[in-house]
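Note sheet for the following structure.
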Amino acid sequence: MKERVEEALKKVRPALQADGGDIELVSVDENGVVKVRLKGACGSCPMSTMTLKMGVEKMLKQQVPEVKEVVAVA
């Protein structure tokens with residue numbers, strides 16, 4: 001599943017990079033929880049929670065149905 005999550009993140013990464021940010025996959029556990037690290041402008045953006053939940057999480061759930069939640073880690 002980790003490989004499929006990484007492939008899905010490649011699709012959202014250009015949008016984040018266009019705003020000066022990036023996303024790094026930290027881990028995927030057996031319960032479907034994906035941990036990511038927001039980098040660059042995304043790490044300090046006040047809208048990063050919305051980007052993570054409404055953008056990244058929504059897209060990942062569509063691409064990889066086993067994903068239950070996406071959380072940011074420091």
Side-chain angles (χ1 to χ4, degrees):
M1 180 167 64
K2 185 175 182 177
E3 295 79 21
R4 291 176 28 230
V5 169
E6 187 64 64
E7 285 300 313
L9 286 176
K10 286 180 183 178
K11 295 177 184 175
V12 75
R13 189 168 278 128
L16 298 175
Q17 290 171 338
D19 288 332
D22 205 350
I23 190 165
E24 171 189 352
L25 179 61
V26 175
S27 67
V28 179
D29 74 17
E30 65 277 352
N31 297 320
V33 177
V34 176
K35 293 183 180 177
V36 298
R37 183 174 293 116
L38 295 172
K39 299 166 36 174
C42 291
S44 59
C45 177
M47 298 299 289
S48 64
T49 301
M50 185 175 289
T51 299
L52 186 68
K53 292 297 180 180
M54 301 303 290
V56 176
E57 182 175 273
K58 183 177 179 181
M59 188 274 306
L60 280 178
K61 286 180 174 180
Q62 289 173 349
Q63 300 287 316
V64 186
E66 298 90 346
V67 170
K68 301 298 180 222
E69 182 181 17
V70 178
V71 295
V73 296

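What you see below is based on every heavy atom in this structure, not just the backbone, and it leaves out hydrogens, waters and symmetry mates.
The side-chain hydrogen bond (donor to acceptor under 3.5 Å, both in side chains) contacts involving residues 28-37 comprise Glu24-Arg37, where partners must be two or more places apart or lie in separate chains. Applying the side-chain hydrogen bond (donor to acceptor under 3.5 Å, both in side chains) test to residues at least two apart or on different chains, the pairs with a partner in residues 55-74 are Arg4-Glu66, Lys11-Gln63, Lys53-Glu57.
The minimum heavy-atom distance linking Ala72 with Leu52 is given by the pair N-CD2, 3.6 Å. In this structure, Gly21 and Cys42 approach most closely via the heavy-atom pair CA-SG, 3.7 Å.
Here Leu25 contributes atom CG and Glu6 contributes atom CD; the two are 5.0 Å apart, rounded to the nearest 0.5 Å.
Put simply, the side chain of Val5 reaches to within 4.5 Å of the side chain of Leu60, judged on heavy atoms.
The one candidate from Val70, Leu38, Thr51 that meets the side-chain contact (heavy atoms from CB on, under 4.5 Å) condition with Ile23 is Leu38.
The hydrophobic cluster containing Met54, built from Ile/Leu/Val/Met/Phe/Trp/Tyr side-chain heavy atoms closer than 4.5 Å, also comprises Met47, Met50. Within the hydrophobic cluster formed by Ile, Leu, Val, Met, Phe, Trp and Tyr side chains joined at under 4.5 Å, directly or through other members, Val33 is accompanied by Val71.
Scored by the side-chain contact (heavy atoms from CB on, under 4.5 Å) test, Val12 finds Leu9, Val56, Met59 as partners (sequence neighbours excluded).
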